[in-house]
J.: 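Here you go, one structure.
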Amino acid sequence: MVGRRFAGPTLRSADEYRWPSSFSGFRKRTTARQRPLEETGLLMNALAQLRSRFAKALSDLAADPAPFTAMVRPTQDAKFGDFQANFAMPLAKQLGKNPRDLAAEIVGKLDLSDLCQPLEVAGPGFINIRLKDDWLTEQTNRSVTDARLGVEANTTPKRIVIDYSAPNVAKPMHVGHLRSTVLGNALYRVAKFLGHHVQGDNHIGDWGTQFGMILFGYKNFLDRAAFESAPVTELARQYRLVSQLSTYHDAKVELPKAETRLAQLEIELAAAEASKSANDKNAEKTLKKQRSDLNEVREQIASLKKQIETVESSPSLKALADAYPQIAELARLETAKLHAGTEENTRLWNQFVPQCLAAIQGIYDRLDIRFDMTCGESFYNPMLADVVADLQAKGLASESDGAICVFIPGNAAPFIVRKRDGAFTYATSDLATIRYRVNVLHADTMLYVVDTRQSEHFRLLFETAKLWGYGDREMVHVNFGTILGKDNKPYKTRSGDTIGLESLLDAAVAKARQIVDANDDSKPEGRELNDDARATVAETVGLGAIKYADLRHNRESDYVYDEDKMLATTGDTATYMQYAYARVAGIFRKGGVNRETLRNSGGRLLITHPSERALALQLLRFSEALDGVLAEYRPNILTDYLFATANTFSTFYQGCTVLKEPDEAIRTSRLLLCDLTARVIATGLDLLGIKTCEQM
RNA sequence: GCGCCCGUAGCUCAGUUGGAUAGAGCAACGGAUUUCUAAUCCGUAGGUCGGGGGUUCGAAUCCCUCCGGGCGUGCCA
């Protein structure tokens, strides 16, 4: 299971975590808040502008025009124009009118002549909208000189806390941390770019049983020399060792039980098969279930045997296992002592945590992942007793079977905030976190970028938080699916171990290097990149491939980790976008064009070819794509957009000469399009946490 | 047992919350190049949106049911 949640190293004052008083780049925008959007002159999002116009026309037809203006959207097929309004049918029904007549009526009282060509009513009452080239060129000209590429910062920014990555710092990060980290970071960047006040919070695991294992290993099995030269590696080895021994003893106990159960299931199945009468659907179903249970137990047994075999095949491991039959209990004891605040364990913990964090930071640096705060379990630990007491005082939590639980109507499982043994759970910690995020950070919205398998936990958590008095805040479980191997099972090594994140990155970069080498070697005029440059490109391409593959899927789907596909040089991959960017960069390099000068040259966009219009329109839709990402926390909307943008550019570049264009005004216009394309692609990729190269 | 999720082209996946003739990529096939970077572009073919029923102007999308698969499920996080 993916690690998640565990607390900040040392207790820090709340002051450190207050919202920054200044958000440079956003403040100016917020002053425009009260003015109608069109009057600010900043609004370039065509869709928002159209909706706003339609809202006026609908104001005396519908009490609340919002749901209807939401039905103004980009067309799916260019033959219907650029946008379409689909509200006439439902609105006509509500008003008891004919939809086509209503559409015509609205078209009649709407003057959009500055924006688009005359509106057309089609089919049962669709209103088709096609932007005027004049308006398109005007907007594009504005974007060219706009640092924000025509994307308006939100006029009513929210305070958003995004909880992502959240590894257990006691062990190396693995493939299971990839999605939360990559997805969370992309959402973080997009939300920030759109003007929200965002706090990226790494809710690390630094207070749980894993630390007990490290402490036990350190005290009993430490290789002092190894620890002194590479402390984190040695601590990770200790964790693995203790965990392995403890698993071994568990497996020894579990194996006979599983075998008994297997035998029993086999007998039951045989009996059921013998007595089954033909065409009995219920019996068929039961049999199926039994076979599936049987398989499950067989797999469990195989896994247990493997765990046992691993230890017993190594004399040294076996000796350790025999010497410490109670190792799990002993490790738990170390955890308990840490929680109780004994001098030695506290001192060791204070020594280890910063070292572990520094190691993890190495991966974050490489992946360019940013957080504003790192508060995990240890940070919230002192608040937990009070959380439980408060829940009890308010009558929300009660004792059941020795544990303190919150029962949410409609949910069979209780939300356990204190175990029978008195220990708190991550439920308690999550509640303390919500209270902190609301009371101290003043969060309006709290996002949890966590594996979908924990959705039940979050349902209970949010329900409990609502009852507790935080119902006015938005809490969203931004859930995501599992990364699978090619066998369609959760991605593991052949021997069944989880895959370390570092080695995953290295493998992708190494593969990218081969591609970069092959491509550069085959250039008509010989290689262009020295070894250092190739290494940089390979790092950019390799890491970009991993991130993009993760982000381009609908987050809720599982997906198969396939290095060949994610690093393919054709198709919907980061490489394709990075290449599109490098091509544009090459145009400026080759033409000796200073892009800054170009932008301020006063040159205007001229539409002389369909692919120029298509590209300009596509570039103006950047803002729509970003809004789409945040509407449902789906970065794949941005990957789709970027792929379409790169594709539209390639088509344009195929059909339109740029540097070789003899007409200077047209050449300038096309250079402006190239410049804008490069900036949109680079910015879009950057918002996904993906880098670009000037040359590749 | 109960709960949640999924099933879309040969493969991998989108599908803007109910809109027009369901879209991409890969693979396949056909075409474009004395390359402003071909890591490219254009085109062709490929579908009972798991099956059935229902709701309505209109369904891949909402409801019911069946089939197939995944995940979770009282003291791990």
Side-chain angles (χ1 to χ4, degrees), chain A residues 1-6 70-71 73-77 79-80 84 86 89-90 92-93 99 122-126 128 166 168 205 208-210 281 288 377 400-405 411-421 423 425-427 429-430 451-457 459 479 481-482 488-489 515-516 518-519 522-524 528 541 552-554 556-560 562 565 568-573 575-576 578-580 582-587 590-591 624-625 627-628 631-632 634 636-637 639-640 643-644 647 650-661 674 695-696:
Chain A
M1 172 89 18
V2 175
R4 116 160 244 277
R5 283 77 246 300
F6 286 77
M71 294 170 140
R73 53 182 51 165
T75 51
Q76 238 165 22
D77 191 326
K79 76 179 173 203
F80 298 128
Q84 60 180 337
N86 301 333
M89 289 79 81
K93 172 166 247 177
F126 296 107
N128 291 338
N168 196 305
T209 46
Q210 289 82 355
K281 279 177 85 179
K288 195 163 212 169
E377 295 250 312
S400 167
D401 232 352
I404 308 292
C405 306
N411 285 280
F415 198 52
I416 299 174
V417 293
R418 202 179 75 194
K419 299 191 287 184
R420 196 173 3 191
D421 67 5
T425 69
Y426 76 133
S429 170
D430 278 349
D451 195 310
T452 200
R453 285 173 289 196
Q454 293 190 41
S455 50
E456 209 162 354
H457 166 73
R459 202 163 36 239
N479 60 328
T482 308
N488 274 339
K489 290 183 180 161
I515 294 167
V516 171
N519 183 63
S522 70
K523 282 176 182 162
E528 293 175 4
V541 169
R552 85 181 190 93
H553 291 95
N554 180 329
E556 286 167 300
S557 321
D558 297 346
Y559 75 92
V560 175
D562 184 338
K565 273 189 185 154
T569 53
T570 59
D572 189 6
T573 63
T575 319
Y576 176 81
Q578 288 167 328
Y579 178 68
R583 283 172 99 188
V584 185
I587 294 170
K590 191 148 199 164
E624 291 168 29
D627 287 345
E632 293 199 343
R634 296 190 186 282
N636 67 310
I637 290 177
T639 62
D640 280 357
F643 179 60
N647 196 33
S650 290
T651 303
F652 154 81
Y653 195 46
Q654 201 78 22
C656 296
T657 53
V658 179
L659 289 174
K660 286 182 182 169
E661 171 56 44
C674 287
Q695 202 171 355
M696 58 192 282

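Note that the structure is predicted; figures quoted are calculated from it, not measured. Protein chains get the first letters and strands the later ones, always in sequence-line order, with residue 1 at the start of each.
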J.: When you measure from the side chain of A:A403, which nucleotide among B:G74, B:G70, B:G72 comes out closest?
T.: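 Among B:G74, B:G70, B:G72, the one nearest the side chain of A:A403 is B:G74.
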J.: For the residue pair A:A568 and A:T573, what are the closest heavy atoms and their distance?
T.: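 Looking at all heavy atoms of both residues, the shortest contact is O-OG1, 3.1 Å.
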J.: Which is true for A:N128 with a 4.0 Å heavy-atom rule: it touches a base, it touches only sugar-phosphate, or it touches nothing?
T.: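 Base, at least one base heavy atom under 4.0 Å.
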J.: Sequence neighbours left out, what passes side-chain contact (heavy atoms from CB on, under 4.5 Å) with A:R73? Give chain and number order.
T.: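 Expected list: A:Q84, A:N86.
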J.: Round to the nearest Å and state the distance from A:N636 atom CG to B:U16 atom C1'.
T.: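 My rounded result for the distance is 10 Å.
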J.: How many angstroms lie between atom CZ of A:R459 and atom CG of A:N411, to the nearest 0.5 angstrom?
T.: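 With rounding to 0.5 Å, CZ (A:R459) is 6.0 Å from CG (A:N411).
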J.: If you go through the side-chain atoms of A:T452, does one of them form a donor-acceptor pair with the base of B:G72 closer than 3.5 Å?
T.: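 In this structure, the two groups form no donor-acceptor pair.
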J.: Check every strand shown and say whether A:A92 touches a base, only sugar-phosphate, or nothing at a heavy-atom separation below 4.0 Å.
T.: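 Counting heavy atoms under 4.0 Å across all strands, no contact is made by A:A92.
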J.: Could you work out the separation of B:U21 and B:G15 based on their C1' atoms and round it to a whole Å?
T.: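 Those two atoms are separated by 16 Å.
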J.: Without decimals, in angstroms, what is the distance between A:K79 NZ and B:A20 P?
T.: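 Going from NZ in A:K79 over to P in B:A20 covers 10 Å.
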J.: If a protein heavy atom is under 4.0 Å from the base, mark B; if only from the sugar-phosphate, S; if neither, -; do that for nucleotides 6-12 of chain B going 5' to 3'.
T.: ------S
J.: How close do A:L659 and A:I587 get, heavy atom to heavy atom, and via which atoms?
T.: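 Taking A:L659 first and A:I587 second, the nearest heavy atoms are CD1-O, 3.5 Å.
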J.: In whole Å, measure the gap between the C1' atoms of B:A59 and B:C76 for me.
T.: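 The same atom, C1', in both gives a distance of 43 Å.
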J.: If I take atom CZ in residue A:F415 and atom C1' in nucleotide B:C75, what distance separates them, rounded to the nearest angstrom?
T.: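 Distance, rounded to whole Å: 13 Å.
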J.: Taking only residues two or more places apart in sequence or in another chain, which ones pass ring pair (Phe, Tyr, Trp, His ring centres under 6.0 Å) with A:Y653?
T.: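 Checked A:Y653 against ring pair (Phe, Tyr, Trp, His ring centres under 6.0 Å); matches are A:F649.
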J.: In dot-bracket form, how is RNA chain B paired, counting a Watson-Crick or G-U wobble pair only if both its distances are under 3.5 Å and using | for bases paired to another strand?
T.: (((((((..((((.....[...)))).(((((.......))))).....(((((..]....))))))))))))....
J.: Using the ring of each side chain (for Trp, its six-membered ring), is A:Y426 parallel, tilted or perpendicular to A:H457, with breaks at 30° and 60°?
T.: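 It falls in the parallel class, under 30°.
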J.: Can you tell me how far CG of A:N519 sits from OG1 of A:T569, rounded to the nearest 0.5 angstrom?
T.: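 Taking OG1 in A:T569 and CG in A:N519, the distance rounds to 8.0 Å.
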J.: Under 4.0 Å, counting only non-hydrogen atoms across every strand here, what does A:D558 touch: a base, just sugar-phosphate, or nothing?
T.: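 The answer is sugar-phosphate, as A:D558 gets under 4.0 Å only of primed atoms, P, OP1 or OP2.
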J.: Can you check whether A:R73 has a side-chain N or O nearer than 4.0 Å to OP1 or OP2 of B:G19?
T.: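 For B:G19, OP1 or OP2 has a side-chain N or O of A:R73 closer than 4.0 Å.
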J.: Mapping A:P74 and A:A412 onto RNA chain B by nearest heavy atom, which one lands closer to the 5' end?
T.: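 Here A:P74 is the residue nearer the 5' end.
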J.: Between A:R552 and A:D572, is the side chain to side chain contact (heavy atoms under 4.5 Å, CB included) condition met? List the steps.
T.: CA-CA 8 Å; A:R552 85 181 190 93; A:D572 189 6; 3.2 Å; yes
J.: Is there a side chain to side chain contact (heavy atoms under 4.5 Å, CB included) between A:N636 and A:H553? Walk through the geometry before answering.
T.: CA-CA 6 Å; A:N636 67 310; A:H553 291 95; over 6 Å; no
J.: Hey, does the side chain of A:D558 reach the backbone of A:T482 with a donor-acceptor pair shorter than 3.5 angstrom?
T.: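 Such a contact is found between A:D558 side chain and A:T482 backbone.
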J.: Answer with base, sugar-phosphate or nothing: what part of the nucleic acid does A:Q578 contact at a heavy-atom distance below 4.0 Å?
T.: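 The residue A:Q578 makes no contact with any strand.
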J.: What's the gap between B:C64 and B:A24 when it is taken at their P atoms, as a whole Å value?
T.: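 Rounded to whole Å, the distance is 33 Å.
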J.: Check the distance between B:C4's P and A:H457's NE2 and give it to me in whole angstrom.
T.: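 From A:H457 NE2 to B:C4 P: 19 Å.
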J.: Could you tell me whether the side chain of A:S400 reaches within less than 4.5 Å of the side chain of A:C405, counting heavy atoms only?
T.: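 They are in side-chain contact.
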J.: Using 0.5 Å steps for rounding, measure from the CD1 atom of A:I637 to the CG atom of A:D627.
T.: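 Reported value, rounded in 0.5 Å steps: 10.0 Å.
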J.: Rounding to a whole Å, what distance do you find between A:Y426:OH and B:A77:P?
T.: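 About 8 Å, once rounded to whole Å.
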J.: Looking at every heavy atom in both A:A403 and A:I416, which two are closest together, and how far apart are they?
T.: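 In this case the closest contact between A:A403 and A:I416 is CB-CG2, 4.2 Å.
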J.: Can you tell me how far P of B:A77 sits from CD of A:E456, to the nearest Å?
T.: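 In whole Å, B:A77 P and A:E456 CD are 16 Å from each other.
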J.: Ring centroids only, cut at 6.0 angstrom: are A:Y576 and A:F643 within range, meaning strictly under it?
T.: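 For A:Y576 and A:F643, the ring centres are under 6.0 Å apart.
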J.: Round to the nearest Å and state the distance from A:Q210 atom CD to B:C76 atom P.
T.: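 Taking CD of A:Q210 and P of B:C76, I get 13 Å after rounding.
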J.: Classify the nucleic acid contact of A:D640 as base, sugar-phosphate or nothing, counting any heavy atom under 4.0 Å across all strands shown.
T.: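 Since only primed, P, OP1 and OP2 atoms lie under 4.0 Å of A:D640, the category is sugar-phosphate.
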J.: In whole angstrom, give me the gap between the P atoms of B:C75 and B:C67.
T.: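 Rounded to whole Å, the distance is 32 Å.
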J.: Remember a base hit wins even if backbone is also touched, and classify A:S400 as base, sugar-phosphate or nothing at under 4.0 Å, heavy atoms.
T.: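 Base, at least one base atom sits under 4.0 Å.
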J.: Sort me out a list of protein N/O and nucleotides 54-61 of chain B N/O pairs below 3.5 Å, or just none if empty.
T.:
from, atom 1, to, atom 2, distance (Å)
B:U56, O3', A:K93, NZ, 2.9
B:C57, OP1, A:K93, NZ, 2.5

J.: Looking for any heavy atom pair under 4.0 Å, which part of the strands does A:D421 touch: base, sugar-phosphate only, or nothing?
T.: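 Nothing: the residue A:D421, judged by heavy atoms under 4.0 Å, touches no strand.
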J.: So how far is it from A:N554 CG to A:R634 CZ, rounded to the nearest 0.5 Å?
T.: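 Answer rounded to 0.5 Å: 4.5 Å.
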J.: Nearest whole Å is fine: how far is B:C76 P from A:R453 CZ?
T.: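 The answer, rounded to whole Å, is 19 Å.
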J.: Along nucleotides 34-47 of chain B, 5' to 3', which nucleotides get a B, which get an S, and which get a -, given that the test is a protein heavy-atom distance under 4.0 Å?
T.: --BBSBBSS-----
J.: Would you say whether A:F126 stacks on B:A20? The test is a distance between ring centres of less than 5.5 Å and an angle between planes of less than 30°.
T.: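 Given the distance and angle limits, yes, they stack.
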J.: Just verifying a value: how many Å separate A:D562 CG and A:K565 NZ, rounded to the nearest 0.5 Å?
T.: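 So the CG of A:D562 and the NZ of A:K565 are separated by 5.5 Å.
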J.: Can you check whether A:N86 has a side-chain N or O nearer than 4.0 Å to OP1 or OP2 of B:G18?
T.: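 Looking at the OP1 and OP2 atoms of B:G18, neither is under 4.0 Å from any side-chain N or O of A:N86.
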